[in-house]
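Source: prediction; values computed, not measured.
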Amino acid sequence: MKKAQTEIIGLAIIVILVILGMTFVIKFLMDKPPVETKKEFTQAELASNMLDAFLETTARENNCKFTMSQLLQNCGQGGGITCNNKDSCEYARDAANEIFEEKTLGKVWNIPYEFKVFYSNDENDNLFQPIGKACAGNKKSKSYIIPTTKGPLTVKLDICS
Amino acid sequence: MLETIAVLAVFFILLMLGFIFYTKVIKSGVEEEKEENIQLSAIKIAQQAAALPELQCSQNNVIKDNCVDRLKLEVADNIMQSPENEIFYYDKFSFSKITVEEIYPNTKEWPLYDRPLDDYTHTLVTHIPISIFNPENDENAFGLMEVESYLK
């Protein structure tokens, strides 16, 4: 084999290596995660605004004009308030289910979430069955404390990322 | 002679590959920046809509966050869609659609602003949960402000 032929083969090998290298770099650049500025903002705001608005919402019944916050407080203190033949715990849970599951996060937007209310000293001591499913990975959370005679209650909404 | 041609061919192939690579990198960066700007603009419109003084609740001159006054809401569309205020609201909301919807305890919708882009290709929708406060009976409803930005 002539010297010139050997040089050309060497050059060809270099070209192939460069092409492979560039393909790899281009693939790496193309695989960059999409821009999710809006999604991050929305998720961060959603948990906070949802919970804030929910706790201030007034019950539907005319003879039961309590806010969800007052109903949860009553529920945490052992009950006493009855709205539409439901005790405060059941009524607040039904309202939360209607707002979060039926009309927004769950069935309409398909965003995984978990809403729960528990005595602050024990996260497993729930006032009622949590709504939604516990997040497996990352989540944005917002919680509020409601004082009761039986100790503080934590109302928590997790929006799964 | 043949060797010179081969070397030149290789040189031009490398040059071409380098150019393609450079173009791809630049294009990817520009598109990413464009997408981010679009999303930031949608966020800006949503934030401005949520903090509109024309709708905000206030008690004793203290503004309540994340809350819309129902009485203001009932008349806001007249103000926001009147021709004399068109430019003022266009500067704030550009090409977008803003509606407030009560979802609990009752259901009702208030269209506030709608200026669609003629040849838009897609929209970015932002939902902002809000309280709708009725000062007449001191009750709050759960509502959503939907801000839809039209994009090309």
Side-chain angles (χ1 to χ4, degrees), chain A residues 2-5 7-12 14-15 18-19 21-23 25-27 29-42 45-62 65-69 95-96 98-100 102-105 108-109 111 157, chain B residues 2-4 6-7 9-11 13-14 17-18 20-21 24-25 27-29 31-44 46-47 50 57 64-68 101-107 124-134 137-145 149:
Chain A
K2 286 180 187 173
K3 194 185 166 195
Q5 284 174 327
E7 281 174 359
I8 284 176
I9 291 170
L11 214 55
I14 289 169
V15 171
V18 169
I19 290 170
M22 281 188 174
T23 314
V25 173
I26 288 172
K27 195 174 181 303
L29 281 174
M30 293 292 121
D31 281 351
K32 272 196 291 190
V35 181
E36 291 191 324
T37 317
K38 185 178 159 291
K39 193 178 170 190
E40 281 168 27
F41 166 80
T42 312
E45 294 287 306
L46 201 58
S48 162
N49 290 359
M50 271 274 174
L51 203 50
D52 214 2
F54 170 74
L55 290 174
E56 288 188 12
T57 302
T58 313
R60 183 177 279 138
E61 275 61 38
N62 281 331
K65 290 299 175 194
F66 297 102
T67 64
M68 293 301 147
S69 178
E98 183 178 337
I99 292 171
F100 298 139
E102 303 293 329
K103 293 185 171 172
T104 55
L105 294 167
V108 180
W109 300 340
I111 298 175
L157 179 66
Chain B
L2 194 71
E3 282 171 28
T4 315
V7 169
V10 168
F11 172 74
I13 289 170
L14 284 177
L17 284 173
I20 292 169
F21 174 73
K24 288 242 178 202
V25 170
K27 203 176 159 192
S28 155
E31 272 171 13
E32 197 174 295
E33 208 168 305
K34 188 182 162 195
E35 181 62 32
E36 190 166 7
N37 281 337
I38 286 171
Q39 294 192 10
L40 285 174
S41 146
I43 291 170
K44 188 182 162 198
Q47 280 184 321
C57 309
K64 209 169 154 194
D65 283 336
N66 199 25
C67 178
V68 163
E101 187 190 2
E102 178 183 336
I103 61 167
Y104 183 95
N106 304 307
T107 50
L124 267 182
V125 182
T126 312
H127 291 108
I128 307 164
I130 47 160
S131 270
I132 301 170
F133 175 65
N134 187 347
N137 53 15
D138 213 22
E139 287 177 13
N140 284 287
F142 188 98
L144 291 174
M145 181 179 276
S149 305

Among A:Glu45, A:Glu56, A:Lys65, single out the residue with the greatest number of heavy-atom pairs under 4.5 Å to chain B.
A:Glu56
Does any heavy atom of chain A fall under 4.5 Å from the side chain of B:Lys64, the backbone, both, or neither of them?
side chain
With a sphere of 6.0 Å drawn around NZ of B:Lys44, does it hold more than 12 non-hydrogen atoms of other residues, nucleotides or ligands?
no
Can you tell which of B:Gly143, B:Ala42, B:Ala46, B:Ser131 has the highest number of heavy-atom pairs within less than 4.5 Å of chain A?
B:Ser131
Which bit of B:Gln47 is near chain A, if near means a heavy-atom gap under 4.5 Å: side chain, backbone, both or neither?
side chain
Heavy-atom pairs under 4.5 Å with chain A: which of B:Pro129, B:Ala50, B:Gly29, B:Gly18 has the most?
B:Pro129
Contact part of B:Ile20 toward chain A, heavy-atom cut-off under 4.5 Å: side chain, backbone, both or neither?
neither
Do A:Thr58 and A:Phe66 make a side-chain contact, defined as non-hydrogen atoms from C-beta onward lying under 4.5 Å apart?
no
What are the two closest heavy atoms between B:Leu17 and A:Ile19, and how far apart are they?
CD1-CG1, 3.3 Å
How about B:Asn140 and B:Tyr104: do any of their side-chain heavy atoms sit closer than 4.5 Å?
no
Against chain B, label A:Thr67 side chain, backbone, both or neither, depending on which of its atoms sit under 4.5 Å from a heavy atom there.
neither
Looking at B:Leu40, B:Ile128, B:Leu14, B:Leu144, which one has more heavy-atom pairs under 4.5 Å with chain A than the rest?
B:Leu144
What part of B:Ile103 gets within 4.5 angstrom of chain A, counting heavy atoms only: side chain, backbone, both, or neither?
both
Whether A:Trp109 and B:His127 hold their rings parallel, tilted or perpendicular, with breakpoints at 30° and 60°:
parallel
Max heavy-atom pairs within cutoff under 4.5 Å with chain A, candidates B:Leu124, B:Ile13, B:Ile132, goes to B:Leu124
Counting C-beta onward and ignoring hydrogens, is there a side-chain heavy-atom pair between A:Leu105 and A:Leu46 closer than 4.5 Å?
yes
Determine, for A:Arg60 against A:Glu98, whether the closest basic-nitrogen to carboxylate-oxygen distance falls under 4.0 angstrom.
yes
For B:Val125, is it the side chain, the backbone, both or neither that has a heavy atom under 4.5 Å from a heavy atom of chain A?
backbone
Taking all heavy atoms of B:Val68 and all of B:Met145, pick out the closest pair and write down the distance.
CG2-CE, 4.4 Å
